[in-house]
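As the structure is a computational prediction, the values presented were derived from the model and not from experiment.
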Amino acid sequence: MRIMCVSDIHGDINAMDRIREKFVEEGADRLLILGDILYHGPRNDLPEGYDPKKVASALNSMKDRIIAVRGNCDTEVDQMVLEFPIMADYVIIISGEKEIFATHGHHYSPESLPPAMRPGMIFLSGHTHVTVDEVRDGIRFMNPGCLPIPKEGSVPSYIIIDDGDAELKRF
């Protein structure tokens, strides 16, 4: 199974359109969203393409191919309009022989790891809007950043997971 991973869409339809294009281009089977799907949050500027209703509609058209975790900006109200589950704090995915812990990053983070983490695993998170791909203490930490609201000069990216391999790619 080929999985495309993104984070922090923040209701931006322009970002969502680019994500769908890459999803098709990459031949992905599933879209893994690491939270902050519809709302932009009070600390962020309003994204240029802010249209959460259109983003919800676009995602609902893909509902059978989405795995999502809850971000700090996601609420039960968002779940009411999205036709796939978004309220889990994390998911564990097995790809090939690799275990992947996927979360938003506001409860568990590289600085506050869950007890399940051990060397050889991949830790996926969003939240910071900063793209990361690094290995520390045998754990690979990956963050695709944020397409509509990148921070710290980060280049928005996405992650492709295929048979245990994970690759960070730029939009």
Side-chain angles (χ1 to χ4, degrees), residues 1-52 54-56 58-59 62 65-74 86 90-91 93 95 98 100-113 117 121-171:
M1 178 170 305
R2 191 168 173 84
I3 302 168
M4 178 180 172
C5 175
V6 299
S7 189
D8 298 276
I9 300 168
H10 287 293
D12 187 311
I13 190 60
N14 298 329
M16 187 65 234
D17 289 343
R18 290 183 67 196
I19 289 166
R20 284 193 301 182
E21 287 171 14
K22 288 294 183 186
F23 183 83
V24 170
E25 183 181 305
E26 290 285 353
D29 301 297
R30 296 272 191 246
L31 179 63
L32 171 58
I33 306 172
L34 301 175
D36 285 0
I37 300 169
L38 300 178
Y39 182 55
H40 69 286
R43 293 179 299 176
N44 298 310
D45 292 332
L46 194 65
E48 185 177 318
Y50 188 66
D51 195 334
K54 284 185 180 175
V55 170
L59 289 169
M62 305 171 63
R65 293 174 281 166
I66 294 176
I67 303 165
V69 296
R70 182 178 65 87
N72 59 304
C73 293
D74 298 323
I86 67 164
Y90 66 90
V91 296
I93 296 169
S95 177
K98 187 68 70 176
I100 301 166
F101 186 94
T103 190
H104 179 61
H106 63 298
H107 291 303
Y108 298 113
S109 69
E111 294 75 34
S112 179
L113 292 174
M117 291 305 299
M121 291 180 70
I122 298 174
F123 182 88
L124 298 178
S125 65
H127 186 56
T128 63
H129 298 205
V130 178
T131 303
V132 172
D133 186 3
E134 63 187 26
V135 177
R136 288 188 313 218
D137 299 322
I139 297 170
R140 186 172 180 190
F141 295 94
M142 300 182 81
N143 184 329
C146 174
L147 185 55
I149 313 168
K151 294 186 177 175
E152 297 181 22
S154 185
V155 177
S157 302
Y158 60 97
I159 298 166
I160 292 293
I161 302 163
D162 196 358
D163 195 29
D165 293 323
E167 181 181 359
L168 187 70
K169 296 185 168 192
R170 296 173 187 240
F171 274 100

>> Within this structure, what is the CD1-CE distance for the pair Ile67 and Met1, rounded to the nearest 0.5 Å?
In response: 7.0 Å
> For the atom pair NE2 (His10) and CE (Met16), what is the distance rounded to the nearest 0.5 Å?
Replying inline: 14.5 Å
>> A quick test of your reading: do over 12 heavy atoms of other residues, nucleotides or ligands sit less than 6.0 Å from CZ of Arg136?
In response: yes
> Which of parallel (below 30°), tilted (30 to 60°) and perpendicular (above 60°) describes His40 and Tyr50?
Replying inline: perpendicular
> Which class fits the ring pair Phe101 and Tyr108: parallel under 30°, tilted 30 to 60°, perpendicular over 60°?
Replying inline: perpendicular
> Which atom pair, heavy atoms only, marks the closest approach of Ile139 to Phe123?
Replying inline: CG2-CB, 4.2 Å
> Is there a side-chain contact (heavy atoms from CB on, under 4.5 Å) between Leu59 and Ile37 once you walk through the steps?
Replying inline: CA-CA 10 Å; Leu59 289 169; Ile37 300 169; 3.4 Å; yes
>> Any salt bridge linking Asp163 with Lys98? Criterion: basic side-chain nitrogen under 4.0 Å from a carboxylate oxygen.
In response: no
> Taking all non-hydrogen atoms of both residues, which atom of Gly145 and which atom of Thr131 are closest, and how far apart?
Replying inline: CA-OG1, 3.7 Å
>> Is the shortest side-chain heavy-atom distance between Val6 and Leu31 below 4.5 Å?
In response: yes
> From Ser125 OG over to His106 NE2, what is the distance, rounded to the nearest 0.5 angstrom?
Replying inline: 11.5 Å
> When you look at CZ of Phe141, are more than 12 heavy atoms from neighbouring residues, nucleotides or ligands closer to it than 6.0 Å?
Replying inline: yes
>> Strictly below 4.0 Å, N to O, side chains only: are Glu25 and Lys22 in salt-bridge contact?
In response: yes
> Where do Leu38 and Asp74 come nearest, in terms of heavy atoms and distance?
Replying inline: N-OD1, 4.1 Å
> Can you check whether Cys73's main-chain N or O pairs, donor with acceptor, with Asp36's side chain at less than 3.5 Å?
Replying inline: yes
> Distance from Asp29 atom CG to Phe23 atom CZ, nearest 0.5 Å?
Replying inline: 7.0 Å
>> Quick one, Arg70 with Ile86, criterion side-chain contact (heavy atoms from CB on, under 4.5 Å). Give me CA distance, side-chain angles, the key distance, then yes/no.
In response: CA-CA 5 Å; Arg70 182 178 65 87; Ile86 67 164; 5.6 Å; no
> Counting distance only, does the side-chain N/O of Arg140 pair as donor-acceptor with the main-chain N or O of Ala166 below 3.5 Å?
Replying inline: yes
> Between the side chain of Ser7 and the main-chain N/O of Pro144, is any donor-acceptor distance below 3.5 Å?
Replying inline: no
> Can you check whether Glu26's main-chain N or O pairs, donor with acceptor, with Arg2's side chain at less than 3.5 Å?
Replying inline: yes
> Which atom pair, heavy atoms only, marks the closest approach of Pro148 to Ala15?
Replying inline: CD-CB, 3.9 Å
>> In the structure I gave you, are the side-chain heavy atoms of His129 and Ser154 within less than 4.5 Å of one another anywhere?
In response: no
> In Å and rounded to the nearest 0.5 Å, what is the CG to OG1 distance from Asn143 to Thr128?
Replying inline: 4.0 Å
> Are any of the side-chain heavy atoms of Met4 and Ile19 separated by less than 4.5 Å?
Replying inline: yes
> Does Leu34 offer a backbone N or O that forms a donor-acceptor pair with the side chain of His104 under 3.5 Å?
Replying inline: yes
> Can any side-chain N or O of Asp8 pair as donor or acceptor with the backbone N or O of His127 at less than 3.5 Å?
Replying inline: yes
>> To check you understand the geometry: which heavy-atom pair defines the closest contact between Cys5 and Leu124, and what is its length?
In response: SG-CD1, 4.1 Å
>> side-chain contact (heavy atoms from CB on, under 4.5 Å) for Ser157 and Arg170? Distances and angles first, verdict last.
In response: CA-CA 4 Å; Ser157 302; Arg170 296 173 187 240; 3.7 Å; yes
>> Nearest 0.5 angstrom please: Asp12 CG to Leu46 CG, how far?
In response: 9.0 Å
> If you take all heavy atoms of Gly49 and Asn14, which pair is closest and at what distance?
Replying inline: CA-ND2, 3.5 Å
